[in-house]
Number of protein chains: 2
Amino acid sequence: MTKILKVSTLSDSRSSRRQRNAPTINDVAREAGVSPMTVSRVINGEQVVRAATREKVQAAITALNYAPSAAARTLAGGEETRIGLLYSNPSSSYLSEFLVGSLDQASRSGVDLVVEKWDDEETSIEAVVAHLQRGRIDGVILPPPLCDLAALVDALDRAGIPAVAVATGRAPSDLAAVSIDDRHAAYEMTRHLIALGHDRIGFIKGNPNQSASAKRFEGYVAALTEAGLPMRDELVAQGYFTYRSGLDAAEHILALADPPTAIFASNDDMAAATVAIAHRSGLDVPGDLTVCGFDDTSLATTIWPELTTIRQPINAMARAAVEVLVRQLKGRRKGDAAEHLVLDYALIRRQSDAAPRMRPRLGGR
Amino acid sequence: MTKILKVSTLSDSRSSRRQRNAPTINDVAREAGVSPMTVSRVINGEQVVRAATREKVQAAITALNYAPSAAARTLAGGEETRIGLLYSNPSSSYLSEFLVGSLDQASRSGVDLVVEKWDDEETSIEAVVAHLQRGRIDGVILPPPLCDLAALVDALDRAGIPAVAVATGRAPSDLAAVSIDDRHAAYEMTRHLIALGHDRIGFIKGNPNQSASAKRFEGYVAALTEAGLPMRDELVAQGYFTYRSGLDAAEHILALADPPTAIFASNDDMAAATVAIAHRSGLDVPGDLTVCGFDDTSLATTIWPELTTIRQPINAMARAAVEVLVRQLKGRRKGDAAEHLVLDYALIRRQSDAAPRMRPRLGGR
DNA sequence: CATGTTTTTGATACCGCTACCAATCCTTTG
DNA sequence: CAAAGGATTGGTAGCGGTATCAAAAACATG
């Protein structure tokens, strides 16, 4: 299940083909009355070409609907960078968006992308690393949950294969990373709930094997503390990012004598499970219980009510990961610290949150 | 958002690179004491090479850990086929699996894949087709729901771009298609429910704009008829493949005076919605109500209980679509009828189905 | 064993593009 | 105004394979 994708960008007017008899760089050169070399320069946006010449060439390119051959290009160009995208049972909505983003960026950056699935139950870390080496992978992208697998990161490091961790909570300073500020996002969501009027807010933690989980919890605690609200242990349940674990956690929290008026789950799957439990318990969402999630996967808008959640810019993170890796591969000197990119998230309000119902003791307005 | 993926297969021991100074075909030739041409033949599995020679070459390849350059290969090879994968808001789980499958097959078939998203609200059909032509796309793959968009298929046809419809219910005989037998799958699922002892089986139809919907409904009716069970209109609700529509449909069916003991939804999203409504109504699934879906998307195993459903071999369908298209592009003569491939589906039993509770009038055993 | 065939292998010529360096051209300056 | 110097442009030589056809080797046959 390995594939190597040689990519080039179309929007850039660059691409390849060779089907019937597509125009080549020579055709363009002849049409424009210049040498192929000049055309090559124009295509690659080199600054040396005089404006007048560039325009002639551009015109010829347009006239012939010319698109350079990716194959010839990399062949002639020398350097051919190949990066791997190692994934292991992520949520499929995450994967598809991640794939589309990284594919596109790989295209623009002119590198090959090898998409590889790793079944952590069947293959040892050594085997995967060896496989990558055999495949001549220059660097790898590690989307969650792999980005937090220290053993893998170490093995990669030992093998001398640079990596970029995506969406990890704690990135070692020597490992490049792209992420959002999980802590702050959770902090903001919690503040949002507090602003809505909630003062008993439940929290479902994420899988402890992913470092982002702790960050999200930290954000929740921080907001509570800042607002002077007590942080009650009984309102916090351990989850594992799966729907199943969310079911258990929500059940536990809602079975409390004095249940919270809002539950903030560490991801959408668990939030969806919370909604299911609420419904099963006869609670209206958001009328009786506000539920919000994290990630903004497609599940968030699939269920009803649609989830208020934190949107992670998955596509952008994927592109950024490719860029960072390529940059590291090309330029990086031994001494340089690894790049840590932090992208913006967004709090998306949908239909699963509302102000809490008035407490009985408070009476009407 | 366009990308062109030049692909080659690694597992095949073919690939490309050029990073530091990877071995070339010439290195292998020297090592094996033969000409580069012979090495090329071995790599491509041509039969003419004598066994002894082939072994020498294989040994050299292994010794040098040689992997051919995809770039050089297509460049030299002449023909460079490029196929497009046009998608429009499919479920993301469907997309990711489809992507992985088609990417891999494109790799093996040695063709470039251009993944293109079409936002049907922003771009006209003419514009998309023109864009594909400008991108020199030789043929396109149309996963659902695009495969049923007659206007698009026509426009493509007029533009002379071959297409393959994936998972469509009614494929025009002149359009290549890859699908499963939706009718028979639904028939089998319905029979399964009947065998379990259900005799009042509800059905939620899919979006009428997708031809597979009708096929699934046909299968349901056929199984009922065959078993001599009456087909009751009130047990059938119209849905649109969305979770929301499933909510409404399920609500409608379960509000009946004499509700069914099982509901067969035309896809997993609507089945999940049905489970949600059942739970909200205090019904146990599968104790009080059996629910089953269709597609086996990730949602089927996300929710609880996990859904009994029909598994569509999405990955295999994607690969098949690429193969069919490539075959059509390479070999097809004008007269030949388009290929219609029908792949196997599978009925996956999980936890959402069970025999109906005994009817009160029947008493205990 | 010479000769005709069929197989297998090799030599040559590019595929379309870019690296590298030489050739022009246009300025700038003494 | 000529020489010097920088800015542009062009020529040449591959990158790593494969198509094509010729050469060599192996097998058949009389």
Side-chain angles (χ1 to χ4, degrees), chain A residues 4 6 8 13-30 32-57 61 64 66-81 110 112 136, chain B residues 4 6 8 12-57 60-61 64 66-82 110 112 136:
Chain A
I4 297 176
K6 174 174 312 293
S8 73
S13 112
R14 55 187 54 174
S15 86
S16 75
R17 117 268 40 200
R18 194 92 296 270
Q19 48 190 90
R20 211 78 58 196
N21 38 23
T24 73
I25 199 171
N26 293 297
D27 300 326
V28 177
R30 201 173 321 113
V34 301
S35 78
M37 204 48 239
T38 301
V39 176
S40 173
R41 293 198 176 94
V42 172
I43 300 172
N44 293 293
E46 286 181 34
Q47 297 304 324
V48 290
V49 186
R50 208 181 318 164
T53 313
R54 190 201 321 285
E55 274 161 33
K56 272 196 303 187
V57 174
I61 288 179
L64 271 50
Y66 164 78
S69 151
R73 184 175 255 182
T74 45
L75 181 53
E79 290 299 294
E80 185 169 352
T81 313
D112 291 357
R136 290 217 177 62
Chain B
I4 297 178
K6 173 172 313 289
S8 73
D12 245 4
S13 111
R14 55 188 54 176
S15 88
S16 74
R17 111 269 44 196
R18 194 97 297 269
Q19 49 190 89
R20 212 76 59 196
N21 39 23
T24 74
I25 199 171
N26 293 297
D27 300 326
V28 177
R30 200 173 320 113
E31 170 91 10
V34 299
S35 78
M37 203 50 237
T38 301
V39 177
S40 172
R41 294 198 176 93
V42 172
I43 299 171
N44 293 291
E46 286 181 34
Q47 295 305 321
V48 291
V49 186
R50 209 183 318 165
T53 313
R54 190 200 323 286
E55 275 160 34
K56 270 195 305 187
V57 174
I61 288 179
L64 271 51
Y66 164 77
S69 150
R73 190 173 247 185
T74 45
L75 181 53
E79 290 299 291
E80 186 168 351
T81 312
R82 191 192 296 182
D112 291 357
R136 289 218 176 62

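Because the structure is predicted, anything quoted here is derived from the model rather than measured. Numbers restart at 1 for each chain; the letters A, B, ... are given by sequence-line order, proteins then strands.
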Using a heavy-atom cut-off of 4.0 Å across all strands, would you classify Val39(A) as base, sugar-phosphate, or nothing?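 Counting heavy atoms under 4.0 Å across all strands, no contact is made by Val39(A).
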
Selection from [options] that lies nearest to any side-chain heavy atom of [X]:
X        : options                   : result
Thr53(A) : dC17(C), dT9(D), dT18(D)  : dT9(D)
Met37(A) : dC20(C), dG10(C), dG17(D) : dC20(C)
Ser35(B) : dT9(D), dA11(C), dT18(D)  : dA11(C)
Leu75(A) : dG16(D), dC17(C), dT9(C)  : dG16(D)

Check: Arg54(B) side chain, Val49(B) main-chain N or O, donor-acceptor pair, under 3.5 Å: yes

If you apply the rule side chain to side chain contact (heavy atoms under 4.5 Å, CB included), what do you find for Thr24(A) with Asp27(A), and how did you get there? CA-CA 5 Å; Thr24(A) 73; Asp27(A) 300 326; 3.6 Å; yes

Smallest separation among heavy atoms of [X] and [Y], with atom names:
X        : Y        : result
Val28(A) : Val57(A) : CG1-O, 4.3 Å
Pro36(B) : Ile25(B) : O-CD1, 3.5 Å
Glu31(B) : Ala60(B) : CG-CB, 3.4 Å

Could you tell me whether the phosphate oxygens of dT18(C), OP1 or OP2, come under 4.0 Å of any side-chain nitrogen or oxygen in Ser40(A)? yes

Can you tell me if Thr38(A) touches the phosphate of dT9(D), counting only side-chain N or O atoms and a distance under 4.0 Å to OP1 or OP2?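 Negative; the distance criterion is not met.
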
CZ on Arg50(A) to CD on Glu55(A), rounded to 0.5 Å: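 Output value for this atom pair is 12.0 Å.
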
Distance in Å, Ile61(A) CD1 paired with Ile43(A) CD1, rounded so as to fall on 0.5 Å steps: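 Those atoms lie 5.0 Å apart.
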
Determine, for nucleotides 21-26 of chain C in 5'-to-3' order, which nucleotides have protein heavy atoms under 4.0 Å from the base (write B), from only the sugar-phosphate (write S), or from neither (write -). ------

If you pin Pro36(B) and Ala72(B) to their nearest nucleotides in DNA chain C, which one's is more 5'?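 Closer to the 5' end of DNA chain C: Pro36(B).
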
Interatomic distance, [X] [atom1] vs [N] [atom2] [rounded to whole Å]:
X        : N       : atom1 : atom2 : result
Arg54(B) : dT8(C)  : CZ    : C1'   : 11 Å
Asn26(B) : dG14(D) : CG    : P     : 13 Å
Asp27(A) : dC17(C) : CG    : C1'   : 13 Å
Ile25(A) : dG11(D) : CD1   : P     : 14 Å
Arg30(A) : dG10(D) : CZ    : P     : 14 Å

